[in-house]
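Just so it is clear, the values below take in all heavy atoms, side chains as well, and ignore hydrogens, waters and symmetry mates. Here is the naming used below: chain letters follow the sequence lines, and residue numbers restart at 1 for every chain. Note that the structure is a prediction, hence the values are computed from the model and not measured.
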Amino acid sequence: MSTDPYQYKSHVINVSYSEISPDIPEFFTHKRHVFIMTNTGRPIYVRYGNEIKSSIFLATINAIFQKFLLFFFEDKEKQTLFRISHDKCNIYILQRNQITYICTTNSLQDSEFIIYQMLDFLNTQLISIVTDQANVHLTQKPNYDLAFSVGGSRNLLTLAVKNGLYSPCIAFNSICTLPMAVSLRQFIHNNLKEIKLPNIIASLLLTETFVIDIWRQKNMEFKTSDILIIQSMIQGQGQLKKGENWIPICLPGLSAMGFVYAYINFFEKPIGIVMISDDNSLDMFEQCKEAAQVLIQKFNSNNLQQTLLSNLQNNPNTPKCLDKYTQIKHFIVKHNSGQVYLPVFQAFGVNNKTFKFYMQQYGELYKDFMISQSLGNSDAKQNYFVWDSKGFGITQYHDVVILFCFNELIEFQQMVQNVHILQRMFRTEELGYYFVLKQS
Amino acid sequence: MNQDQLNFDFSVKALFIFNPLAVPTIPKPSEQDQQDAKLIYYYPQGANIEEKRIQTGMAEGIFQFFAQFNPSPNLMEQQENKSKNESLQFQTIHLEQQTHIICRVREDLFLFITLAHQKIPKIKTIVEDYFFSECNKFHYSLSKNLYTNIAENFVANFELFYGYDLTQVNHFTQRWILCNARYGTVLNLFNFQSFSLKYAQIDAAIYLHLQSILTFGRQQEAQITDYVVFYAGYFLFSTLPHQKAILFKEHYYGGGLPWTNLESKINLKFPACAESQIAYLNFFNLKNAIREGFTGQIVYLNKQKKNIFTYLDKQLLIIAIANPLKDLQNLPNLVNVFSKQIDKLVYKLEMAIEQSQKQDFVRFIYFNGVNLAYRISSQLIVPKMSSENLRILQLVYEKLNTRNQYVIRIAGVWFYGNRVSERKVVYILPANIPLSKVEEEVNKIAEQTFPNLLL
């Protein structure tokens, strides 16, 4: 596959689909649909179509759900309806507080796991747009019109759907870290740390798709999901990559009810710095600006921009084992700290059909792994391993989980050798190259 | 959540059959009359009439509404599918503690089953909460095939033993639940997936002996077209396709009914029909027919009505299927042939079964869709199969439908699944065997147990 690894190709959002509606037969020719509605059936977002034209349709769905739940239970205790399967079609339903998310798909290859992760990320994105006050309003006034509050951020939701369906970062709740030498990462980290300010919660050095380094305030957990929201916002709003920006943003992992402020400066495209602060004053913006300048100068004097740009040029890379051992077709490595290493393909944006196929298989493998982790006792949580004759498998190895795709036709022993090759690549002492690990 | 908290028992909470095309025959029908006309049967019968009406309407509505999302074949393809008898369409609706199955048998016949089960657990994909404690927590439903198997089984049995005679559906439903229940009204999801024939390892001599008895039997009654034969629950022989033989086996053998010669035990499960003429499919032992007298039992094979006679003695069950008999005068001769000839056969069978049960093989489970063979070894230390192991076994079995191999290490155990055409074998080994040695261990077992079977 020939892609310019340096270039992220953004998803294209076709706005003409807003004209179709459920009463037109073409509506049902789409492979997938996503609906967001309140628990009373008021539309918030639909893909495809528009919310007004879909309101009756959604009201019908909601009425079916409500009546269904009411009339099949003696004790009237509300249960969660989470899936409907009809012949070749699956409908997944996710309820988050006062909002219901529905995804229908008639592609049987679609991974259930990935769909649910997408819906959950959609919820995170929606809350980021309207804050969790929306749920409070809906509790008090069930007919509250949330679609109006979403307004112009509709495209962010569509982007969240696309990223959710295709990005391993959303699927595995992980950020995609840029591989680099430990010494370089340490140097960058020290510089980020040096420019810290009292009201800065976290600083990130990143691109639209990669995270280069993170500095957090002590004892502060900066959630993966929030970083993905930030990257999603940058992908969806091109103006953020120009000049300096000081914008309010709701990061649900930090504070779902209100806003924090983000200083964003893509000083050397595609590399940018993001600083998150709970102080929205102009003074804070000025301080962030100065701190960013210090960092930029430090980078300049060490020629760090060039180093990073050339590093980005080589990523996503094709590791030697994929070139040398033709039986290893692909793999993804997820670190249990919520980071992912993805060779060959972009973590976001448009990838080819091969990767979509890989992700569907990886999704199901990861789902079975997650189920076993949840259900099993402590013995069951170690050394999990799966391999099937389609070539796909998963191996749990110390702090990482490796999902792999081998050639279908290989013998068992060859598969074992390939697994060992991958495990050697990701021995504990090698992980610092791939992931941002806690600094000692 | 630990592995003992998940099990796959369920009970049938409701089962109803409706015809969405039915119209009331009375003049000027009310809305209630219209709803009542559609509802053909409802279990349990004591349910509130209003709820019955509403549920029927809801079931029809849900099925039609969500069918819109299905990529539908064109009308021509639909007609083709109907004529090929592939018209069963399923919709499953998954809730935490209930799963509903809607099965479109025909345009004018829908089946709706509500299964109540233990709460489906939520799986958390990340350790910490985000802003909402339910973040990244999802229900993961079991494969929908596990549920549709149940409806399919109901429909297949109803077609075979009653020919879709809707006047008999209550009796059939009572028996179907009874046949398949582990206890009370509790059934098990995996049982329906793994319905199969347990294969008795008989040699050619036993096989030929059986054939000669059956041939003598056919000479007594020329209208006999088919036989299905079991011994102590093990499958011996069938002239019918094996999938049909499985239905017969489950219908008589039931869900784990200990197969003994004690007719009192059989009568506990299938009470004598003297209490009610039409309560159950009559389990009349031909052996006692002369004393008790009986009417013919019916089955419907390939939509043709047939008579069926069951002979049970010393754990040997012979099911004879004949074209509808105008008179039963030859049956005493048939009984005579069986009772005089089977002693030697039973003696040989007893020894063969006992021997194979004692053989010390490693633990494996072998399916070819009709034959089930499993062995437990005292040498191999594999932990007792927990609910989690059973869940994984079901997963492996299902994955082997679309793959030739599936290997998983989990919960202290290796499951190594192999499939060659319709034959599936799952080897269960302790997890301390390293990955590099698993295949070697499996090959040792295969060479001992399945030489020349190309597994």
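For a residue to count as touching a neighbouring chain, one of its non-hydrogen atoms must lie under 4.5 Å from one of that chain's; by this rule Gln117(A) touches chain B with backbone and side chain alike. For Ile91(A), the part lying near chain B is the side chain, with the backbone staying farther off; criterion is any non-hydrogen pair under 4.5 Å. Heavy-atom distances place both the backbone and the side chain of Ser85(A) under 4.5 Å from chain B. With a 4.5 angstrom heavy-atom cutoff, Ile102(B) does not touch chain A via any of its atoms. For Phe113(A), the parts sitting under 4.5 Å from any heavy atom of chain B are the backbone and the side chain alike. Contact of Leu94(A) with chain B is made through the side chain alone, with heavy-atom distances under 4.5 Å. With a 4.5 Å cut-off on non-hydrogen atoms, Lys31(A) does not touch chain B at all. The contact between Thr224(A) and chain B is made by backbone and side chain atoms together, counting heavy-atom distances below 4.5 Å. Only the side chain of His33(A) comes within less than 4.5 Å of a heavy atom in chain B; its backbone stays farther off. With a 4.5 angstrom heavy-atom cutoff, Phe392(A) does not touch chain B via any of its atoms. Contact of Leu119(A) with chain B is not made at all, since no heavy-atom distance falls under 4.5 Å. Contact annotation for Asp226(A): neither backbone nor side-chain heavy atoms come within less than 4.5 Å of a heavy atom of chain B.
In this pair, Trp414(B) and Phe385(A) present their aromatic rings perpendicular. The plane angle is above 60°, beyond the 30 to 60° band. The aromatic rings of Phe138(B) and Tyr116(A) lie parallel to each other, with less than 30° between the two planes, well short of the 60° mark.
His100(B) has its ring centre no less than 6.0 Å from the ring centre of Tyr147(B). Checked against the 6.0 Å centroid threshold, Phe110(B) and Phe63(B) count as a close aromatic pair. Between Phe10(B) and His117(B), the ring center distance fails the sub-6.0 Å criterion.
Considering only heavy-atom pairs separated by less than 4.5 Å from chain B, the leading option among Pro252(A), Pro22(A), Gly253(A) is Pro252(A). Taking chain A as the reference chain and counting heavy-atom pairs below 4.5 Å, the highest number among Ile408(B), Asn404(B), Asn136(B) is found for Asn136(B).
Stacking of Lys424(B) on the aromatic ring of Tyr397(B) is recorded, both the 6.0 Å distance cut-off and the 45° axial limit being met.
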Exercise for review: Check the pair Asp132(A), Arg96(A) against salt bridge (Lys or Arg N to Asp or Glu O under 4.0 Å), reporting the backbone distance first and the verdict last.
Suggested key: CA-CA 11 Å; Asp132(A) 212 14; Arg96(A) 289 290 184 243; over 6 Å; no
Exercise for review: With ring pair (Phe, Tyr, Trp, His ring centres under 6.0 Å) as the test, would you mind laying out the steps for His86(A) and Phe66(B) before giving the verdict?
Suggested key: CA-CA 7 Å; His86(A) 184 106; Phe66(B) 289 109; 8.4 Å; no
Check your understanding: Would Phe28(A) and Phe69(B) count as a ring pair (Phe, Tyr, Trp, His ring centres under 6.0 Å) if you check the C-alpha gap in whole Å, the side-chain angles of each, and the deciding distance to 0.1 Å?
Key -> CA-CA 6 Å; Phe28(A) 294 100; Phe69(B) 291 99; 5.2 Å; yes
